[in-house]
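For reference, the structure is listed below as structure tokens.
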Amino acid sequence: VQLQASGGGRVQAGGSLRLSCTASGIIFRISSMNWYRQAPGEQREWVASITSSGSTNYADSVKGRFTISRDNAKNTVYLQMNSLKPEDTAVYYCNAVTNYQFWGQGTQVTVSS
């Protein structure tokens, strides 16, 4: 199983980024997919989820600014991040849940003020 995250980078506050995570080795269409993030010195925190049926849920800190979506034909989950804030700076990880849980390697997002 491999989860390959990409799309991170450095952006100014108020800017946007779109993260992607492509999965292989799992039946993607039946997996719930999640994004987590971990800032320096902090615990990893959940950001957003999308179920196999497309239902979404967001942490309060990103609600209204981030959008999670999935393309089952491409085995890919996305996180569109708008109106970014310096406190969004973190390593972002994708996570897949079937009967087991799998993690990607993370992609760095840095938001400067």
Side-chain angles (χ1 to χ4, degrees):
V1 176
Q2 191 169 26
L3 299 175
Q4 185 68 42
S6 61
R10 180 180 294 272
V11 65
Q12 288 192 326
S16 298
L17 285 172
R18 189 176 81 152
L19 306 183
S20 301
C21 175
T22 300
S24 60
I26 59 172
I27 305 175
F28 181 82
R29 60 179 173 81
I30 66 171
S31 303
S32 291
M33 300 298 297
N34 307 281
W35 286 98
Y36 286 76
R37 67 186 181 187
Q38 187 167 18
E42 302 289 334
Q43 289 190 335
R44 191 172 297 188
E45 66 172 353
W46 168 76
V47 175
S49 296
I50 185 164
T51 68
S52 58
S53 61
S55 297
T56 59
N57 207 358
Y58 299 93
D60 287 343
S61 58
V62 306
K63 201 170 294 184
R65 301 187 297 122
F66 290 11
T67 302
I68 188 171
S69 61
R70 65 191 296 159
D71 185 339
N72 290 340
K74 296 182 178 180
N75 283 5
T76 300
V77 62
Y78 305 97
L79 186 68
Q80 177 67 44
M81 306 186 294
N82 298 330
S83 303
L84 283 161
K85 305 175 181 180
E87 52 263 43
D88 294 319
T89 295
V91 177
Y92 283 71
Y93 298 89
C94 63
N95 164 273
V97 179
T98 57
N99 291 327
Y100 302 95
Q101 190 168 197
F102 304 98
W103 292 91
Q105 87 288 1
T107 185
Q108 175 70 48
V109 171
T110 302
V111 184
S112 58
S113 55

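Please read these numbers as outputs of a predicted model, since none were measured by experiment.
- With sequence neighbours excluded, the residues that form a side-chain contact (heavy atoms from CB on, under 4.5 Å) with S24 are Q2.
- Among residue pairs with one or both ends in residues 7-17, those qualifying as side-chain hydrogen bond (donor to acceptor under 3.5 Å, both in side chains) are S16-N82; sequence neighbours excluded.
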For residues 102-113, which side-chain N or O atoms pair as donor and acceptor with protein atoms under 3.5 Å away, sequence neighbours left out?
| unit_1 | atom_1 | unit_2 | atom_2 | d |
| --- | --- | --- | --- | --- |
| Q105 | OE1 | A5 | N | 3.3 |
| Q105 | NE2 | A5 | O | 3.0 |
| T107 | OG1 | G8 | N | 3.1 |
| Q108 | NE2 | A90 | O | 3.4 |
| Q108 | NE2 | T110 | OG1 | 3.3 |

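- The closest side-chain heavy-atom distance from Y100 to I26 is not below 4.5 Å.
- For residues 41-113, the pairs satisfying disulfide (SG to SG under 2.5 Å) are C21-C94, with sequence neighbours left out.
- Scored by the salt bridge (Lys or Arg N to Asp or Glu O under 4.0 Å) test, R65 finds D88 as partners (sequence neighbours excluded).
- The salt bridge (Lys or Arg N to Asp or Glu O under 4.0 Å) contacts involving residues 18-34 comprise nothing, where partners must be two or more places apart or lie in separate chains.
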Would T98 and I27 count as a side-chain contact (heavy atoms from CB on, under 4.5 Å) here? Give the steps. CA-CA 8 Å; T98 57; I27 305 175; over 6 Å; no

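- Every pair passing salt bridge (Lys or Arg N to Asp or Glu O under 4.0 Å) that includes a residue from residues 54-63 is listed here, sequence neighbours excluded: D60-K63.
- Residue pairs meeting the ring pair (Phe, Tyr, Trp, His ring centres under 6.0 Å) criterion with at least one partner in residues 77-96, sequence neighbours excluded, are absent.
- Taking the salt bridge (Lys or Arg N to Asp or Glu O under 4.0 Å) definition, one finds that E45 meets it with R37, sequence neighbours left out.
- Listed by first then second residue, pairs satisfying salt bridge (Lys or Arg N to Asp or Glu O under 4.0 Å) with a partner in residues 89-113 number zero, not counting sequence neighbours.
- With sequence neighbours left out, S6 forms a side-chain contact (heavy atoms from CB on, under 4.5 Å) with S20.
- The OH atom of Y36 sits 13.5 Å away from the CG atom of L79 when rounded to the nearest 0.5 Å.
- Legend: disulfide (SG to SG under 2.5 Å) pairs involving residues 34-75, not counting sequence neighbours: none detected.
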Please walk me through it: do L84 and F66 pass side-chain contact (heavy atoms from CB on, under 4.5 Å)? CA-CA 9 Å; L84 283 161; F66 290 11; 3.8 Å; yes

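- The main-chain N or O of S32 is never found under 3.5 Å from a side-chain atom of R70 such that the two would form a donor-acceptor pair.
- Residue Q80 holds its CD atom at 12.0 Å from CD1 of I68, rounded to the nearest 0.5 Å.
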